[in-house]
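Sequential numbering from 1 along the given sequence is applied to the chain's residues.
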Amino acid sequence: MSLVPHYRNAVVLRTAGTLLDVQFQCTATALTFLHRFFRAVPVGKYDDNMIVAACLFGAAKVEEASIRTADLLNVLHFLEHHPDDLDPNEVFPELHKPENRTKTNSQFLVGEKYYEAKDALIQMEQTVLRFIQFRVNTDHPHKYALSYCASLKASRNVVRSTACLLNDCMVYTSLILQVKPEVLGAGAVHLATILEEEPIESENWWEVLGFRIAEVEEVGHALMDMMVVVLANGRKQQ
């Protein structure tokens, strides 16, 4: 398996969601929008940051999450223009100080630059919506996986690994567009039990949940391939 060509955009989106302190439901919806968008549009045709901003902006409306436009644009501006060793958790409290919102030499988007970015965001939101054909309905695998873990009395380690697999899956792959969310959730649980070496007590638990072992293992193999490629890419960048 190869990573999606736009995985760097997805990584930025997830990081921005964390900095904005939005619920993962909103971030997951934004990631789904991002994958749908790049299924129709090649990477590089539009501004990367604005695509990410538009996906988060639209997802916040769908999920009724609270994101200030200024915070959204400045988080992405920060991630694009500042070094990795600068801690954003120390920088962003400064954004809310009135004196920093009016400085023309501010490291934040203020004044005319902010309004230009805001206009670009609104235009890009419409572009994203057109390319995803206004399909804003989403169904994420996490709720299914957590439900399975609860009913099967899976260990905390399995629950944690399942969530991590699904989170990375939504960033590095487009499986969310290719596999039914309930099957994706079951496949993540299956692989998590193997990785943690903590099998589910109930034998053939996938049959109890209405799945075939073949489809569960197929998803498990895809997730394992993703892990291998992500780790290999990480080593290359070091």
Side-chain angles (χ1 to χ4, degrees), residues 4-83 86 88-89 91-140 167 170-172 174 176-177:
V4 291
H6 54 278
Y7 79 88
R8 295 184 187 278
N9 303 69
V11 170
V12 170
L13 193 158
R14 180 168 64 177
T15 304
T18 300
L19 292 174
L20 290 164
D21 196 27
V22 298
Q23 293 184 348
F24 188 76
Q25 177 79 10
C26 179
T27 301
T29 296
L31 286 167
T32 303
F33 291 173
L34 187 76
H35 291 309
R36 287 174 179 171
F37 177 79
F38 280 114
R39 173 176 273 188
V41 179
V43 175
K45 185 173 182 178
Y46 295 96
D47 181 83
D48 287 341
N49 258 18
M50 276 301 153
I51 295 169
V52 171
C55 289
L56 275 167
F57 194 58
K61 294 178 180 179
V62 171
E63 301 297 341
E64 298 182 351
S66 177
I67 298 180
R68 294 177 69 252
T69 305
D71 289 346
L72 171 61
L73 292 172
N74 275 294
V75 161
L76 291 169
H77 178 75
F78 173 87
L79 293 175
E80 181 180 14
H81 293 97
H82 290 80
L86 196 59
N89 292 306
V91 173
F92 279 104
E94 298 293 314
L95 174 62
H96 298 286
K97 293 183 178 180
E99 62 268 24
N100 286 334
R101 295 188 185 184
T102 56
K103 290 180 181 177
T104 55
N105 63 343
S106 171
Q107 60 184 317
F108 305 112
L109 291 171
V110 295
E112 184 177 346
K113 288 184 178 179
Y114 166 71
Y115 288 107
E116 288 176 355
K118 185 177 180 181
D119 289 342
L121 169 62
I122 294 172
Q123 293 177 20
M124 183 55 70
E125 181 189 23
Q126 291 302 310
T127 300
V128 169
L129 286 172
R130 285 198 299 273
F131 276 112
I132 68 173
Q133 300 178 342
F134 293 88
R135 291 177 56 234
V136 296
N137 59 307
T138 57
D139 191 13
H140 307 307
N167 292 348
M170 294 198 72
V171 169
Y172 296 108
S174 58
I176 188 63
L177 305 184

Can you tell me how far the [atom1] atom of [X] sits from the [atom2] atom of [Y], to the nearest 0.5 Å?
X      : Y      : atom1 : atom2 : result
Phe37  : Ile51  : CZ    : CD1   : 4.0 Å
Leu13  : Met170 : CG    : CE    : 10.0 Å
Glu80  : Leu76  : CD    : CG    : 8.5 Å
Ile132 : His35  : CD1   : NE2   : 12.5 Å
Leu56  : Asp71  : CG    : CG    : 12.5 Å
Leu34  : Ile176 : CG    : CD1   : 13.0 Å

Could you tell me which non-hydrogen atom of [X] sits nearest to which non-hydrogen atom of [Y], and how far apart they are?
X      : Y     : answer
Gly17  : Thr27 : CA-OG1, 3.9 Å
Val171 : Ala10 : O-CB, 3.2 Å
Ala65  : Cys26 : CB-SG, 4.0 Å
Ala117 : Met50 : O-CE, 3.5 Å

Q: Would you sort out whether Leu73 and Arg68 count as a side-chain contact (heavy atoms from CB on, under 4.5 Å), showing the intermediate values?
A: CA-CA 9 Å; Leu73 292 172; Arg68 294 177 69 252; over 6 Å; no

Q: Show the numbers, then the answer: is there a side-chain contact (heavy atoms from CB on, under 4.5 Å) between Leu79 and Leu19?
A: CA-CA 10 Å; Leu79 293 175; Leu19 292 174; 4.0 Å; yes

Q | For Gln25, side-chain hydrogen bond (donor to acceptor under 3.5 Å, both in side chains) partners two or more places apart | A | none

Q) After noting the C-alpha distance and the side-chain angles of Tyr115 and Leu109, does the key distance pass the side-chain contact (heavy atoms from CB on, under 4.5 Å) rule? A) CA-CA 9 Å; Tyr115 288 107; Leu109 291 171; over 6 Å; no

Q. With a cut-off of 6.0 Å (strictly less than), are more than 12 heavy atoms of other residues, nucleotides or ligands near CD of Gln23?
A. no

Pairwise side-chain contact, [X] with [Y], heavy-atom cut-off 4.5 Å (strictly under):
X      : Y      : value
Val136 : Glu63  : no
Arg14  : Asn167 : yes
Phe57  : Leu72  : yes
Leu129 : Phe33  : no

Q | Backbone N/O of Asn9 and side chain of Asp48: donor-acceptor pair under 3.5 Å | A | no

(Q) I'd like to know if the side chain of Arg36 and the backbone of Arg135 have a donor-acceptor N/O pair within less than 3.5 Å. (A) yes

